[in-house]
Each structure stands twice: as C-alpha cells, then as structure tokens.
Amino acid sequence: MRLYEKQGFWSFFNPLELVRIITRNWSLVRQLSWRQVDAPHRGSMLGFGWSFINPLLTFGVYAFVFIAVFKGRYGVVESETNVDYALGLLLGLTMLQLFQEVLLTAPYAVLQSPNYVKKVVFPLEILPVTILGAALIRFSICLALVLVSVAVFGPGLHVTAWWLVPITFCVALLAVGVGWFLAAVGVFLRDIAPLTQALSLLLMFMSGVFYSLKQIPKEFHFLQYNPILIVVESTRDAILWARVPDLGWLSYLAGASCLVAIAGFGCFRALRGAFSEVL
C-alpha cells in the first residue's frame with residue numbers, strides 16, 4: 001500500500017510514461033530484441049534460416065489439410081481460387097503468429113531475468129517490448145514472403161495494401177499490452193504459462209484464419225468482437241481482395257488495442273515492486 005500512497009494508483013497507467021520509457025531505452029530495446037532473435041538459432045547449421053523454414057513448414061501442413069482435404073474457401077469473391085485461399089491462409093497465420101509469439105513468451109519475461117529485477121536502474125518495462133521486437137523481426141520476414149507471393153502468384157498488390165501499416169500497429173499494441181500483463185502475473189502465478197499455450201491453440205481456430213467473418217453462424221457472431229479476428233479479416237480485405245477494410249471495425253480494433261496496452265502497462269508497473277520478493 002505504501003507504493004500506492006506515494007505515487008497514486010492511476011499514475012501507473014500514464015501512457016506518456018509508457019512512451020518515455022520506450023524512447024529513452026530504445027537502443028537497449030533494439031539490442032535485446034536482436035539477441036532474442038539470434039539466441040535460439042545460435043550454433044545451428046541453418047542459423048537464421050530457420051526463421052524462414054519454420055513458418056513455411058507450418059503453412060504447408062495447414063494448406064494441405066484445409067485446401068487438399070477440406071476444400072476450404074472464404075467465399076468473399078466468386079472468382080476465389082485455391083491459390084487465393086492459400087495466400088489468405090498464409091496472411092492470417094502471419095498476423096496471428098505475431099500475437100501468438102508474444103502470448104507464449106511473455107509469461108517467462110521476468111521469470112527468466114532475475115538479475116535484471118535486482119538492478120534498481122534497469123527498466124523492467126522494456127522486457128515485454130523486446131519480446132514484441134523479436135516477434136516483429138520474424139513477422140517482417142514472413143510478411144515479406146507473403147507480399148511477394150501475392151504479387152507473383154496472386155491478384156497482385158494494390159494501394160489498399162497500405163492499410164497493413166495501421167493494422168500491424170494495432171496488433172503490436174494489443175500484443176505488448178497482453179505481454180505486460182502476462183509478464184507481471186506470471187511472476188506470481190506459474191500456471192499462466194501452460195494456460196497461454198491452450199489459449200494460443202484456441203485462438204488459432206477462433207480468429208478467422210481458416211474462414212471468413214461472413215461464414216460464422218449467427219449464433220456465434222459474438223466472435224466478431226475478437227480483435228485478432230478483425231486483424232485477420234481486415235488484412236485479407238486490404239491485401240487479397242483489394243478492398244478498404246471496414247472502418248468501424250478498425251476503430252474498434254484501435255480503441256481496444258490502446259486500452260489493452262495502457263491497462264497491461266499499468267498492471268506491470270503496479271506489480272513490479274513485488275517482483276524481487278518472489279524471485
């Protein structure tokens with residue numbers, strides 16, 4: 001309680017403080033993000049090449065199941081082909097995996113960094129940001145492959161592709177907000193990590209990666225309020241169907257992303273004072 005009396009509870013949720021911490025420590029964020037990208041592949045023969053191989057293998061499996069076996073279609077345009085569905089699948093998986101990577105890694109952010117916790121001057125708030133940074137690097141690689149594929153094998157890139165910039169910004173905000181929350185709560189509740197694995201699998205099938213919004217039965221239309229479903233649907237509209245995404249849903253996505261980011265940041269700052277007692 002002494003912490004709240006000194007600073008005030010709502011001071012933890014100050015978005016200006018969030019911007020200040022990230023900008024002041026930008027060099028450190030960049031360095032730690034690249035380290036997280038490089039560390040898993042250090043010493044392997046293919047090294048950074050696994051950042052290309054793993055997404056392609058995952059896509060190959062889902063493409064076989066949902067195209068060759070289930071004959072999947074989004075049903076958005078009459079001229080849709082197997083190639084269109086495959087590209088839509090790849091787009092959806094790419095956007096989803098940006099969020100999933102933060103979701104699965106964030107619970108360990110503070111737990112695996114006890115030395116940082118004991119350093120009074122270290123900005124612990126940047127730990128989930130570095131996870132997002134590493135995820136964005138891998139995301140950029142996958143997205144580049146997708147866009148080249150759309151340009152070469154698909155309908156081509158249109159001016160609506162620029163909508164991908166605000167969409168990606170929103171999903172990044174959403175991911176880091178969830179990351180701050182999970183990193184903080186994960187220190188005290190060790191069951192958070194396995195829970196996020198189950199949620200990640202559930203999210204994959206509830207986010208419109210394999211189907212379109214119009215194909216969801218009426219009794220399950222509450223799923224349309226899932227921000228990641230809006231991300232996936234809007235991305236397909238902008239890249240694959242050359243349409244301007246629904247501005248109402250994008251406004252909802254932007255508002256939800258900002259609220260989650262501020263709430264997650266505030267939760268992290270409110271709980272960080274007790275990290276050293278647990279670790």
### Message
Quick one about Ser207 and Asn226 (side-chain donor to acceptor, distance below 3.5 Å, no hydrogens or angles considered), yes or no?
### Response
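Yes.
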Donor-acceptor check, side chain of [X] to backbone of [Y], threshold 3.5 angstrom: yes or no?
X: Asp84; Y: Gly154; value: no
X: Gln215; Y: Ser212; value: yes
X: Glu80; Y: Gly75; value: yes
X: Thr160; Y: Val244; value: no
X: Trp180; Y: Glu125; value: yes

Can you name the nearest heavy-atom pair linking [X] to [Y], along with the distance?
X: Leu132; Y: Ala172; result: CD2-O, 3.6 Å
X: Thr130; Y: Leu127; result: OG1-O, 2.6 Å
X: Gly273; Y: Ser276; result: O-OG, 4.1 Å
X: Met95; Y: Thr168; result: CE-OG1, 4.0 Å
X: Pro128; Y: Ala183; result: CG-CB, 3.9 Å
X: Gly92; Y: Val232; result: CA-CG1, 3.9 Å

Is [Y] reachable from [X] through a run of I, L, V, M, F, W or Y residues, each pair having side-chain heavy atoms under 4.5 Å apart?
X: Val171; Y: Leu259; result: no
X: Val29; Y: Phe169; result: no
X: Val231; Y: Ile216; result: yes
X: Leu111; Y: Leu271; result: yes
X: Met206; Y: Val65; result: yes

### side chain to side chain donor-acceptor pair (under 3.5 Å) contacts in which one or both residues fall within residues 18-31, not counting sequence neighbours
Glu17-Arg20
### Task
Mind jotting down which residue pairs meet the side chain to side chain donor-acceptor pair (under 3.5 Å) criterion with at least one end in residues 185-200? Sequence neighbours excluded, please.
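Every side chain to side chain donor-acceptor pair (under 3.5 Å) pair that includes a residue of residues 185-200, provided the two are not neighbours, is Gln100-Ser200.
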Are [X] and [Y] close enough that some pair of their side-chain heavy atoms sits under 4.5 Å apart?
X: Val117; Y: Phe122; value: no
X: Ser257; Y: Leu253; value: yes
X: Ile21; Y: Ile126; value: yes
X: Leu89; Y: Val209; value: yes
X: Val102; Y: Val176; value: no
X: Val260; Y: Leu173; value: no
X: Phe268; Y: Val110; value: yes
X: Leu174; Y: Ile228; value: yes

Report the distance from atom [atom1] of [X] to atom [atom2] of [Y], rounding to the nearest 0.5 Å.
X: Ile239; Y: Leu164; atom1: CD1; atom2: CG; value: 4.5 Å
X: Leu195; Y: Leu189; atom1: CG; atom2: CG; value: 10.0 Å
X: Arg236; Y: Leu91; atom1: CZ; atom2: CG; value: 8.5 Å
X: Asp246; Y: Ile230; atom1: CG; atom2: CD1; value: 9.0 Å
X: Leu96; Y: Phe139; atom1: CG; atom2: CZ; value: 11.5 Å
X: Ile131; Y: Gln36; atom1: CD1; atom2: CD; value: 5.5 Å

### Message
Considering only residues two or more places apart or on different chains, which pairs with a residue in residues 206-231 satisfy ring pair (Phe, Tyr, Trp, His ring centres under 6.0 Å)?
### Response
Tyr62-Phe210, Phe66-Phe210, Phe205-Phe210, Tyr225-Trp249
#### Entry: Residue pairs, two or more places apart or on separate chains, that pass ring pair (Phe, Tyr, Trp, His ring centres under 6.0 Å) and touch residues 75-103
Tyr74-Tyr85
### Query
Is the number of heavy atoms from other residues, nucleotides or ligands under 6.0 Å of Glu219 CD greater than 12?
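Check passes, neighbour count above 12.
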### Message
If you count every heavy atom of other residues, nucleotides or ligands that lies below 6.0 Å from Phe153 atom CZ, does the total exceed 12?
### Response
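It does not: Phe153 CZ has 12 such atoms or fewer within range.
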### Task
Take Phe275 and Tyr116 through the test side-chain contact (heavy atoms from CB on, under 4.5 Å) and record every step on the way to the result.
CA-CA 11 Å; Phe275 291 168; Tyr116 292 152; over 6 Å; no
### Query
Mind checking what makes salt bridge (Lys or Arg N to Asp or Glu O under 4.0 Å) contact with Asp237, not counting sequence neighbours?
Arg243
### Query
How does the hydrophobic cluster around Val165 look, that is, which other residues are in it when side-chain heavy atoms under 4.5 Å mark a link?
Val159, Trp162
